[in-house]
> 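Take a look at this one; I'll ask things after.
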Amino acid sequence: MSNRLSECYDVSGWWPAGSEWEVMVGAILVQQTTWESVEKVLGSLKERGAMEVGAMASLPLEELQEVVRPAGFYRQKASRIKGLAIYIVQAHASDPRQLLEGDEDDRRKELLAQPGIGEETADAILLFAGRRPRFIAAAYVRRLLDRLGILSSEDYGEVQRFMEAELPRDAELYVQLYALMVHHARTVCRSRPRCQACSLRDRCRFTEIVGRTDFR
DNA sequence: ACCCAGGTGGCCC
DNA sequence: GGGCCACATGGG
């Protein structure tokens with residue numbers, strides 16, 4: 001399948017991760033911060049050989065906090081990551097993939113029951129680690145849809161249902177479109193002070209592209 | 001010195 | 001269900 005979005009920005013290599021567990025850790029780390037900060041933390045975790053569920057579950061909290069610090073909210077994030085590791089060790093035989101297999105709605109509820117995993121983080125894990133077709137209705141996505149005059153809603157579930165109703169239920173398409181929307185909002189709009197997605201003025205190419213080819 | 005960043009959870013009404 | 005707030009570091 002081809003659409004014109006893919007011809008505008010290259011988002012291949014989005015959310016690079018060596019494992020399901022790395023996606024889960026990254027999904028918690030990236031909350032309210034930049035991917036650049038997350039990369040630092042993931043890098044130090046790998047250096048310490050802690051990028052594995054069992055190792056993470058037994059890593060002293062104080063040590064984990066120091067590693068997580070650059071990503072902000074480090075006390076919360078460290079506890080939540082360690083808590084998730086312990087949960088997977090105890091409830092899923094140390095296999096993160098068990099959290100992604102089987103009934104999708106059940107797995108989502110299970111993820112949502114974990115401290116630190118809200119709707120967006122749960123969907124990021126399901127989509128990027130499990131390749132389940134859950135569209136991530138992130139703040140950037142909601143803002144962009146609003147500014148484009150496509151849908152104005154702050155309700156996560158409503159925006160998600162809208163996107164999933166508009167698009168084929170295809171995980172790879174969701175990955176690409178989500179990455180493009182966030183990339184656009186973060187990078188392209190930032191370099192265009194009057195881009196519609198950011199300032200409600202002027203037009204940028206993204207407006208026409210999304211309106212014409214990726215929505216019915 | 002601000003403002004923002006790929007949210008979540010707790011508390012209040 | 002909404003509105004407000006703490007959580008925290010790092011870069012523009």
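Quick note: numbers below take in every heavy atom, side chains included, and nothing from hydrogens, waters or symmetry partners. First the proteins, then the strands, lettered A, B, ... as listed; each starts at 1.
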> At less than 4.0 Å, is any side-chain N or O atom of Arg143(A) found next to OP1 or OP2 of dC4(B)? Yes or no.
no

> In whole Å, I'd like the distance from the CZ atom of Arg75(A) to the P atom of dT9(C).
7 Å

> Between dA8(C), dT8(B), dT9(C), which nucleotide gets closest to the side-chain atoms of Arg69(A)?
dT9(C)

> Gln76(A) has a side chain; which of dC7(C), dT8(B), dA5(B) sits nearest to it?
dC7(C)

> Can you tell me how far P in dA8(C) sits from the matching atom in dG10(B), rounded to whole Å?
14 Å

> Rounded to whole Å, how long is the line connecting atom CD of Glu66(A) with atom P of dT9(C)?
10 Å

> Just to confirm, is there a sub-4.0 Å distance from OP1 or OP2 of dG7(B) to any side-chain nitrogen or oxygen of Gln31(A)?
no

> Classify the nucleic acid contact of Tyr74(A) as base, sugar-phosphate or nothing, counting any heavy atom under 4.0 Å across all strands shown.
sugar-phosphate

> Nearest-Å distance, CZ (Arg80(A)) to C1' (dG9(B))?
6 Å

> When all nucleic acid strands are considered with a 4.0 Å heavy-atom cut-off, which category describes Ile28(A): base, sugar-phosphate, or nothing?
nothing

> Below 4.0 angstrom, N of the basic side chain to O of the carboxylate: do Glu164(A) and Arg134(A) qualify?
no

> Whole angstroms only, please: what is the CD-P distance between Glu39(A) and dA5(B)?
18 Å

> Is the closest side-chain donor-acceptor distance between His92(A) and Glu110(A) under 3.5 Å?
yes

> Which of the following nucleotides, dT8(B), dG10(C), dA8(C), is nearest to the side chain of Pro70(A)?
dG10(C)

> Does the distance from a Lys or Arg side-chain N to an Asp or Glu carboxylate O, for Arg132(A) and Asp123(A), drop under 4.0 Å?
no

> Would you kindly give the CZ-to-P distance between Arg142(A) and dA5(B), to the nearest whole Å?
12 Å

> Does Lys40(A) put a side-chain nitrogen or oxygen below 4.0 Å from OP1 or OP2 of dG11(C)?
yes

> Determine, for Arg142(A) against Glu154(A), whether the closest basic-nitrogen to carboxylate-oxygen distance falls under 4.0 angstrom.
yes

> Which residue lies toward the 5' end of DNA chain B, Gln114(A) or Trp35(A), if each is placed at its nearest nucleotide?
Trp35(A)

> Return the value, rounded to whole Å, for the distance between atom OH of Tyr140(A) and atom C1' of dG7(B).
13 Å

> With respect to the phosphate group of dC4(B), does any side-chain polar atom (N or O) of Thr34(A) fall under 4.0 Å of OP1 or OP2?
no

> Would you mind reading off the distance between His183(A) atom NE2 and dA5(B) atom C1', rounded to a whole angstrom?
16 Å

> Tell me: CD1 of Ile117(A) to P of dG9(B), nearest whole Å?
8 Å

> Can a salt bridge be assigned to the pair Arg69(A) and Glu66(A) using a cut-off of 4.0 Å between side-chain N and carboxylate O?
yes

> What contact category does Glu119(A) fall into here, base, sugar-phosphate, or nothing, at under 4.0 angstrom with non-hydrogen atoms?
sugar-phosphate

